[in-house]
Amino acid sequence: MHRKKLKDQKPACLLGAHFSIAKGLDKALFEAKSYGCNTLQIFTKNANTWKERIVTQKEIKNFEQAKLETGISNIASHTSYLINLATSERKKHKMSCNALSQELIRSSWLGIPYAVLHPGSHMGVGDKEGITRIAESINEIFAKTPGINTRLLLETTAGQGSSVGHTFEHLALIISKVEKKINPGICFDTCHIFAAGYDIRTMEYYRKTMDDFDSIIGLDRLCLIHLNDSKKELGSRVDRHEQIGLGYIGLEAFKYIMNDDRLFDIPKIIETPKGTTDKDWDEINLKMLREMVRI
């Protein structure tokens, strides 16, 4: 499908989308640029397999050149969906630690500033044990993996199943148990926090949610925002992304975010469904979000 190029579009803030690396890591940056994006998120490998990939020197060089040509340096990688640092299953835990380690190595080689991680699911042993296992795993990975230059971001979760990270307190507790020098940040997903029970649909609720985040975790740790509407209702604990304005969150919440001065310099990424119709939903959602910004 042909994708329109928005050459003259100059976003007022850091706004982008998750783009495919199917045609090459560097090609994702050029595709982002064609949408008028100045930030993006990618997988550096297939997110649904344990098989690792080693980035070549040529790929690193091409990626660096693409950054120079597009002017895009605010980039996030998203870790494999299979990673679960909270599991008590030995084999799965070992594979998860290795996968996160390899992701951090790849991202560091590529000069990617952030790597986003779903904290994990405790699989029935309880939040407390899951949180401790996540923090200990992160400490061990960083201790055994020298040369990591990519900052790890813990993503807010919807609370589906036994997942950890659906409350700000969960994330703050993980951070408190992680070595200070590692300095993990947070990726704030609008669909996830809404599904977890944090309302942002009115200015009053939005302010309360952001104030709670600031007092419990700290806005200084907020490094990335995923802008996604939700197919499910408030507090559903179900993670299902929807196009901006077409879900239960609605348009107003996104207007608050796009015009919150505290969030201006924080990269904002859409992970909305790509769709199977002739509509280019990335273009539609990005345009809508840009038009929300009051100049």
Side-chain angles (χ1 to χ4, degrees), residues 17-32 40-67 72-123 130 133-155 157 163-165 174 178-179 182-185 187 189 223-224 226 239 269 271 274:
H18 185 109
F19 290 104
S20 171
I21 63 163
K23 295 180 181 178
L25 288 162
D26 57 316
K27 297 300 187 293
L29 276 78
F30 290 109
E31 184 173 17
L40 78 155
Q41 179 178 274
I42 60 172
F43 294 122
T44 64
K45 55 156 276 186
N46 186 327
N48 294 304
T49 178
W50 288 112
K51 185 178 180 180
E52 295 298 335
R53 79 188 289 269
I54 304 297
V55 289
T56 65
Q57 285 300 315
K58 183 178 180 181
E59 285 179 309
I60 294 170
K61 183 179 178 180
N62 289 345
F63 197 75
E64 191 61 36
Q65 185 61 35
K67 283 192 281 185
I72 300 175
S73 58
N74 282 286
I75 306 167
S77 65
H78 197 297
T79 60
S80 168
Y81 292 133
L82 301 178
I83 294 174
N84 183 7
L85 299 185
T87 184
S88 57
E89 187 183 326
R90 279 190 184 181
K91 183 178 179 181
K92 180 74 175 287
H93 184 259
K94 184 178 180 180
M95 291 169 72
S96 295
C97 288
N98 179 65
L100 179 55
S101 176
Q102 292 302 311
E103 180 60 55
L104 291 167
I105 290 170
R106 276 193 303 274
S107 294
S108 294
W109 284 349
L110 291 165
I112 295 175
Y114 304 120
V116 179
L117 172 73
H118 292 176
S121 297
H122 61 68
M123 308 301 288
R133 190 175 293 275
I134 291 166
E136 288 178 349
S137 301
I138 291 170
N139 288 335
E140 183 177 345
I141 288 165
F142 274 79
K144 291 182 176 180
T145 314
I148 296 175
N149 300 313
T150 295
R151 189 175 185 184
L152 181 65
L153 304 186
L154 303 173
E155 183 172 350
T157 67
S163 71
V164 175
I174 294 170
V178 171
E179 294 287 341
I182 296 172
N183 193 28
C187 172
D189 187 299
C223 299
L224 188 72
H226 285 166
D239 177 10
I269 302 291
E271 295 178 313
K274 300 293 185 182

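- For Ile60, the side chain to side chain contact (heavy atoms under 4.5 Å, CB included) test picks out Val55, Gln57, Trp109, Leu110, with sequence neighbours left out.
- The nearest pair of heavy atoms linking Ala28 to Ile21 is CB-CG2, 4.3 Å.
- For the pair Ile75 and Leu29, the minimum side-chain heavy-atom distance is below 4.5 Å.
- Remark: the backbone N or O of Ser101 is not paired with any side-chain donor or acceptor of Thr145 at under 3.5 angstrom.
- Contacts of Met123 classified as side chain to side chain contact (heavy atoms under 4.5 Å, CB included), with partners at least two apart in sequence or in another chain: Asn84, Thr87, Ser121, Ser162.
- Taken from CG in Asp26 to CD1 in Ile42, the straight-line distance is 10.0 Å, to the nearest 0.5 Å.
- Asn183 contributes atom CG, which lies 10.5 Å from atom CG of Leu152 (distance to the nearest 0.5 angstrom).
- Residues Cys97 and Leu85 form a side-chain contact, since some pair of their non-hydrogen atoms from C-beta on lies under 4.5 Å apart.
- Annotation: the span from Ile269 atom CD1 to Gln41 atom CD amounts to 6.0 Å, rounded to 0.5 Å.
- Counting heavy atoms from C-beta outward, Leu154 and Ile138 have side chains that approach closer than 4.5 Å.
- Partners of Ser73 by side chain to side chain donor-acceptor pair (under 3.5 Å), not counting sequence neighbours: none found.
- Pairs passing the salt bridge (Lys or Arg N to Asp or Glu O under 4.0 Å) check and including a residue from residues 77-104, sequence neighbours excluded, read Glu103-Arg106.
- How far CD1 of Ile112 is from CG of Asn149: 12.0 Å, rounded to the nearest 0.5 Å.
- For His78, the ring-ring contact (aromatic ring centres under 6.0 Å, His included) criterion is met by Phe43, Tyr81, His118, not counting sequence neighbours.
- Here salt bridge (Lys or Arg N to Asp or Glu O under 4.0 Å) pairs that include residues 111-120, with residues two or more places apart or in two chains, number zero.
- In this structure, CD1 on Ile148 lies 4.5 Å from CG on Leu104, to the nearest 0.5 angstrom.
- The nearest pair of heavy atoms linking Gly165 to Pro119 is CA-CG, 4.5 Å.
- Annotation: side chain of Phe142 is not in contact with side chain of Val178 (no heavy-atom distance under 4.5 Å).
- In this structure the side chain of Val164 never reaches within 4.5 angstrom of the side chain of Thr157, judged on heavy atoms.
- Summarising the geometry of Val116 relative to His226, their closest heavy-atom pair is CG1-CE1, 4.2 Å, with the distance given to 0.1 Å.
- For Glu59, the salt bridge (charged side-chain N to carboxylate O under 4.0 Å, His left out) test picks out Arg53, with sequence neighbours left out.
- A search for side chain to side chain contact (heavy atoms under 4.5 Å, CB included) contacts involving Thr49 returns Lys45, Asn46, Lys51, not counting sequence neighbours.
- Partners of Ser137 according to the side chain to side chain donor-acceptor pair (under 3.5 Å) rule, which considers only residues two or more places apart in sequence or in another chain, are His93.
- Side-chain contact check for Asn98 versus Ile141: every heavy-atom pair is 4.5 Å or farther apart.
- Here the side chains of Glu31 and Lys23 are not in contact, with every heavy-atom distance at 4.5 Å or above.
- Contacts of Lys144 classified as salt bridge (charged side-chain N to carboxylate O under 4.0 Å, His left out), with partners at least two apart in sequence or in another chain: Glu140.
- In this model, no donor atom of one side chain and acceptor atom of the other lie less than 3.5 Å apart for Thr44 and Ser77.
- Between Lys27 and Asn62 the shortest side-chain heavy-atom distance does not fall below 4.5 Å.
- For the pair Lys274 and Phe19, the cation sits on the ring face: its NZ or CZ lies under 6.0 Å from the ring centre, inside 45° of the axis.
- Between Glu64 and Lys67, at least one side-chain N (NZ, or NE/NH1/NH2) sits under 4.0 Å from a carboxylate O, which counts as a salt bridge.
- Glu136 is linked by a salt bridge (charged side-chain N to carboxylate O under 4.0 Å, His left out) to nothing, counting only residues two or more places apart in sequence or in another chain.
- Checked by atom type and distance alone, the side chain of Ser80 pairs as donor or acceptor with a backbone atom of Ala47 at under 3.5 Å.
- Cys223 pairs by the side chain to side chain contact (heavy atoms under 4.5 Å, CB included) definition with Tyr114, Arg151, Leu153, not counting sequence neighbours.
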